[in-house]
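Quick caveat: nothing in here was measured; it's all calculated off a predicted structure. Count residues from 1 along the sequence.
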Amino acid sequence: MAAADPDDRSADNRHWVCVAALAGAHGVRGEVRVKTFTDTPDALARFDALHKGPDGPVCRLTLTRPIKGGMAGRIDGLTNREDAQALSGTRLYVPRAALPDDAGEDEFYLADLVGLTALDLDGRPLGRVQGVPNYGAGDLIELRLDTPVKGFGRSPLIPFEARWVPEVAIDAGTLTVDLAGWLARQVDGSDPDAGADGKAGG
């Protein structure tokens with residue numbers, strides 16, 4: 001594991017972008033579960049190497065097939081379930097220079113959002129951005145809240161729309177979320193986004 005904190009938003013680590021995370025073992029032969037933060041899982045294959053943490057050790061990963069909640073993959077040298085499970089929670093990074101240089105001055109990659117501090121509308125910390133999944137109905141902000149909320153635990157999935165996520169400040173390492181407003185819509189049942197996509201688990 002790299003010595004650097006995977007959620008560190010220091011100036012040096014902003015030269016690195018988190019593109020995937022390992023979510024434990026899959027099966028008994030050393031495969032791992034992979035959560036990707038790229039537009040498509042196949043996009044990981046274009047990188048020459050992935051790193052365990054910003055500027056961390058190289059991780060040679062080959063995706064094998066889609067599975068529920070992500071992808072299955074193999075890591076060079078990993079042959080058993082115990083070693084695969086030990087890597088759970090490891091975030092995989094690439095140098096920003098390895099990404100296509102097609103983002104404008106005010107644009108960013110979805111992967112840039114992972115690790116940002118989530119703030120409420122009054123600027124108070126809520127937690128961190130854990131992922132940016134897309135299950136077919138649009139991008140979602142998966143939060144890891146400091147304090148759980150009733151019905152959604154610590155990991156609500158907020159639609160990545162301007163009404164719920166009005167501000168993203170990559171340089172400041174923050175993202176503003178109208179969590180209270182979104183929760184109110186889920187309670188009164190009037191929002192079409194409410195339902196299965198609203199809950200990621202505890």
Side-chain angles (χ1 to χ4, degrees), residues 4-21 35-40 43 53-54 89 91-202:
D5 181 352
D7 289 329
D8 185 4
R9 302 297 298 185
S10 69
D12 287 343
N13 286 345
R14 283 201 294 268
H15 293 297
W16 294 81
V17 176
C18 181
V19 293
K35 180 185 293 187
T36 63
F37 303 137
T38 49
D39 289 341
T40 64
R91 293 183 181 272
L92 303 180
Y93 287 73
V94 297
R96 176 170 289 279
L99 296 171
D101 188 18
D102 56 5
E105 183 178 350
D106 296 325
E107 297 179 325
F108 50 84
Y109 291 98
L110 291 178
D112 289 334
L113 304 179
V114 179
L116 292 182
T117 297
L119 306 176
D120 67 14
L121 296 183
D122 293 322
R124 294 175 299 217
L126 294 168
R128 289 189 179 273
V129 178
Q130 183 166 265
V132 191
N134 186 321
Y135 300 116
D139 296 318
L140 302 166
I141 300 296
E142 181 180 353
L143 298 178
R144 184 63 179 176
L145 299 175
D146 295 334
T147 303
V149 294
K150 184 177 180 180
F152 297 93
R154 292 183 183 270
S155 302
L157 291 169
I158 313 297
F160 188 28
E161 302 171 0
R163 56 177 172 161
W164 307 128
V165 187
E167 183 177 2
V168 175
I170 298 296
D171 289 343
T174 63
L175 172 149
T176 300
V177 181
D178 183 8
L179 180 62
W182 180 80
L183 287 172
R185 283 297 182 96
Q186 312 315 300
V187 172
D188 67 28
S190 64
D191 193 280
D193 294 319
D197 284 346
K199 185 174 180 180

*P148: partners by side-chain contact (heavy atoms from CB on, under 4.5 Å), with sequence neighbours left out*: R154
*What pair of heavy atoms forms the shortest contact from C18 to Y93, and how long is it?*
N-CD2, 3.5 Å
*Check: Q130 main-chain N/O paired with R144 side-chain donor or acceptor under 3.5 Å*: no
*Go through the structure and list residues passing side-chain hydrogen bond (donor to acceptor under 3.5 Å, both in side chains) with D146, not counting sequence neighbours.*
none
*Given side chains that start at C-beta, do those of D178 and W164 come closer than 4.5 Å, heavy atoms only?*
yes
*Taking side chain as C-beta onward, heavy atoms only, is P156 less than 4.5 Å from L183?*
no
*Could you pull out the closest heavy-atom pair between P159 and W182, with the gap in Å?*
CD-NE1, 3.3 Å
*Side-chain contact, heavy-atom cut-off 4.5 Å: V114 with R91?*
yes
*Can you tell if the side chain of L113 reaches within under 4.5 Å of the side chain of F160, non-hydrogen atoms only?*
yes
*How long is the span from the CG atom in D171 to the CG atom in D112, to the nearest 0.5 Å?*
10.0 Å
*Considering only NZ, NE, NH1 and NH2 on the basic side and carboxylate oxygens on the acidic side, decide whether R128 and E142 come within less than 4.0 Å.*
no
*Taking the side chain as C-beta and beyond, is there a heavy-atom pair between V129 and L143 under 4.5 Å?*
yes
*asked:* L175 vs I170, test: side chain to side chain contact (heavy atoms under 4.5 Å, CB included). Steps then yes/no.
replied: CA-CA 8 Å; L175 172 149; I170 298 296; over 6 Å; no
*asked:* Please enumerate all residues that pass side-chain contact (heavy atoms from CB on, under 4.5 Å) together with L126, with sequence neighbours excluded.
replied: A118, D120, L145, V177, L179
*asked:* A side-chain contact here means heavy atoms from C-beta on lying under 4.5 Å apart; do F152 and K150 qualify?
replied: no
*asked:* Is any side-chain heavy atom of I158 closer than 4.5 Å to one of L140?
replied: no
*Would you give the length of the straight line joining atom CG of L92 to atom CH2 of W16, rounded to the nearest 0.5 angstrom?*
11.5 Å
_Closest non-hydrogen atom pair between P166 and T176, with its separation_ = CD-O, 3.2 Å
*For T40, what residues pass the side-chain contact (heavy atoms from CB on, under 4.5 Å) criterion, not counting sequence neighbours?*
D42, A43
